[in-house]
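Remarks on the structure that follows.
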Protein chains: 2
Amino acid sequence: MHVMRENWDDLRAVLFMVRHGSLAAAATALDVNYTTVARRIAQAEESYGVLLFERLPQGYVATDAGLLAACEAEKMEDAETGFRRALAKADTRLSGPFSITAPQLLIAAHLCHVIEEFLGKHPEVELTVRASNALLNLNRREADLAIRISESPGDTLVGRRLTGQQTASFASAEVATRIETAPEATIDWIGFTYWTKPPKASLENYPNARIKMQFDDMSAVLGATQAGLGVARMPMFLGRSAGLTQVPVLPPQPYTDIWAVAHRDIWASAKVTAFKECLLPYFKAHAAEFMA
Amino acid sequence: MHVMRENWDDLRAVLFMVRHGSLAAAATALDVNYTTVARRIAQAEESYGVLLFERLPQGYVATDAGLLAACEAEKMEDAETGFRRALAKADTRLSGPFSITAPQLLIAAHLCHVIEEFLGKHPEVELTVRASNALLNLNRREADLAIRISESPGDTLVGRRLTGQQTASFASAEVATRIETAPEATIDWIGFTYWTKPPKASLENYPNARIKMQFDDMSAVLGATQAGLGVARMPMFLGRSAGLTQVPVLPPQPYTDIWAVAHRDIWASAKVTAFKECLLPYFKAHAAEFMA
DNA sequence: CTCATGACATGCATTTTTGCATACTATGTC
DNA sequence: GACATAGTATGCAAAAATGCATGTCATGAG
């Protein structure tokens with residue numbers, strides 16, 4: 001009956017291979033050496049007697065059977081994370097591992113204070129903060145709680161709106177003064193990815209404007225603005241917390257809300273609840289910094 | 001993120017522990033040493049930070065978390081066997097592993113001929129025959145095809161009725177002659193488990209009867225009957241193939257049908273189809289041996 | 001009470017798995 | 001065409017998992 005050696009973990013390797021595309025990437029995600037991934041895949045193939053990947057010059061390409069294996073392995077992963085969630089839900093202790101994710105700049109500007117308060121109240125909690133703009137998969141439990149800039153929690157998650165937001169134009173004090181003094185001079189915009197021209201709403205009062213430079217990262221935009229290189233559009237909270245001066249070039253614009261979201265099963269768990277007890281009052285108290 | 005070492009196989013150990021009740025039994029089923037099962041469980045507990053089993057003097061007893069883990073692991077197992085089935089279904093070759101299960105005595109009396117024919121036609125197939133009265137779990141893919149004595153394929157399986165059956169009373173030639181000669185003498189019955197008296201229908205014509213001995217195994221009943229120890233009720237095919245003489249003590253009685261059953265996904269696969277092509281003609285040709 | 005049995009724990013030697021260093025092959029850049 | 005890069009293969013030594021032998025503890029039979 002059980003000639004086959006255990007191979008659930010081999011299927012996991014197949015899943016990660018399909019998901020990440022190369023041995024190296026899969027290995028990184030699995031936190032093992034890529035050699036191991038190759039061998040696990042080979043084992044799985046032997047165990048099932050099927051070729052799961054074709055070894056082409058450009059790398060491993062999944063066969064139909066390989067895709068099917070990954071599909072079923074994904075179900076296995078769902079069950080496994082389901083178990084993890086059930087444990088997290090049942091865990092009423094305010095201690096042990098707890099992970100949150102949020103955009104870097106929001107952490108730097110505000111959440112760091114919430115985190116400090118939370119850890120002060122609950123020193124037993126081993127908090128992991130994943131500062132990332134990437135949308136981590138909460139279903140897969142890449143984090144317990146996410147603070148996201150989005151319109152809604154999304155289909156499969158539950159959440160709570162923390163605050164509304166606006167964007168506005170900011171510049172260094174020096175640049176701000178210059179603009180005030182000589183409003184007719186050319187406005188140098190610091191753009192974010194895919195901007196090709198200055199925002200329309202700004203052209204009414206300051207038609208003499210151009211995109212001076214562009215970045216794909218908001219930290220870079222922020223740095224350039226602080227260095228006095230020009231005017232940038234950014235969330236109100238960011239400009240303010242960075243010590244920039246709001247300039248009237250672009251009037252405040254509505255922007256995406258900030259939400260705290262979690263998986264349905266986790267939302268009411270002890271540690272998430274405790275974190276929310278720090279989070280909500282903080283945002284209530286600081287709501288003014290997010291809007292004009 | 002992935003501090004946890006891979007642990008899907010550890011969950012499998014938990015599942016088997018819950019299913020089989022002791023380290024030794026789980027280990028046997030997993031085909032590993034029981035020490036390994038204990039260590040896997042310990043690893044899983046560490047990895048999830050939860051006690052899955054309580055170590056009581058009478059052995060491991062699953063905690064709520066342990067039962068939950070087993071439940072989720074069962075879902076993982078379902079996904080895994082689902083993949084195996086998909087492979088089997090897609091496998092159009094008439095070669096490689098193929099397993100069937102059937103009651104021992106039916107194999108000995110008839111199926112051995114079907115098997116011989118099948119292997120003659122398809123010598124590349126590596127056939128495993130699991131002769132067992134236990135109902136193997138075809139969902140879990142303990143066998144690809146089962147020949148069963150039952151009323152219907154069951155909820156989750158599909159199948160085909162091979163033949164009806166009757167039981168009757170059989171005895172050795174010598175005993176049969178004695179009964180014919182002296183019908184009024186005491187009839188010694190050889191009973192099967194839980195029989196407490198001779199079958200009612202036999203008492204009308206042969207009221208002078210008693211249960212002489214009882215077995216819990218039909219092979220034993222058969223042996224005792226062949227040894228001339230008495231009369232036994234058994235499936236018609238069995239008495240006939242064993243060279244026993246049918247005696248009129250108990251007239252033929254309706255008995256459970258014989259079915260070939262398989263998982264829905266496997267039923268139409270190449271090897272199952274090929275086997276059925278031997279099986280159905282055989283039962284058509286030998287139908288008379290199962291009924292009066 | 002003794003003995004046999006079943007269930008588990010543990011130390012140690014062995015086998016297996018893993019990681020590392022190195023080699024190989026395509027692709028694309030200058 | 002030299003060179004850097006991405007992706008994979010492989011031999012070998014280190015690390016980890018496994019099996020085995022032995023020991024403990026409770027239970028039940030005689």
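So you know, we letter chains A, B, ... as the sequences are listed, proteins then strands, and number each from 1.
Nucleotide C:dT16 holds its P atom 13 Å from the CD atom of A:Glu46, rounded to whole Å. In this structure, the CZ atom of A:Arg40 is 18 Å from the C1' atom of D:dT8, given to the nearest Å. Rounded to an integer number of Å, the gap from CD of A:Glu54 to P of D:dA9 is 13 Å. Rounded to whole Å, the distance from CZ on A:Phe53 to P on D:dA9 is 12 Å.
Every residue meeting the ring-ring contact (aromatic ring centres under 6.0 Å, His included) condition with B:Tyr60, not counting sequence neighbours, appears here in chain and number order: B:Phe53. Under the salt bridge (Lys or Arg N to Asp or Glu O under 4.0 Å) criterion, A:Glu46 pairs with no residue, sequence neighbours left out.
One finds a salt bridge joining A:Glu45 and A:Arg55 here, because a Lys/Arg side-chain nitrogen approaches an Asp/Glu carboxylate oxygen to under 4.0 Å. Under a 4.0 Å N-O distance rule, the pair A:Arg93/A:Glu124 does not qualify as a salt bridge. By the 4.0 Å N-to-carboxylate-O rule, A:Glu80 lies too far from A:Arg141 to be salt-bridged with it.
Heavy-atom contacts from other residues, nucleotides or ligands closer than 6.0 Å to NZ of A:Lys212 number more than 12.
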Atom pairs, protein N/O to nucleotides 7-10 of chain C N/O, distance under 3.5 Å:
| from | atom 1 | to | atom 2 | distance (Å) |
| --- | --- | --- | --- | --- |
| C:dC8 | OP1 | B:Tyr60 | N | 2.7 |
| C:dC8 | OP2 | B:Leu23 | N | 2.7 |
| C:dC8 | N4 | B:Tyr34 | OH | 3.4 |
| C:dA9 | OP2 | B:Tyr60 | OH | 2.7 |
| C:dA9 | N6 | B:Tyr34 | OH | 2.3 |

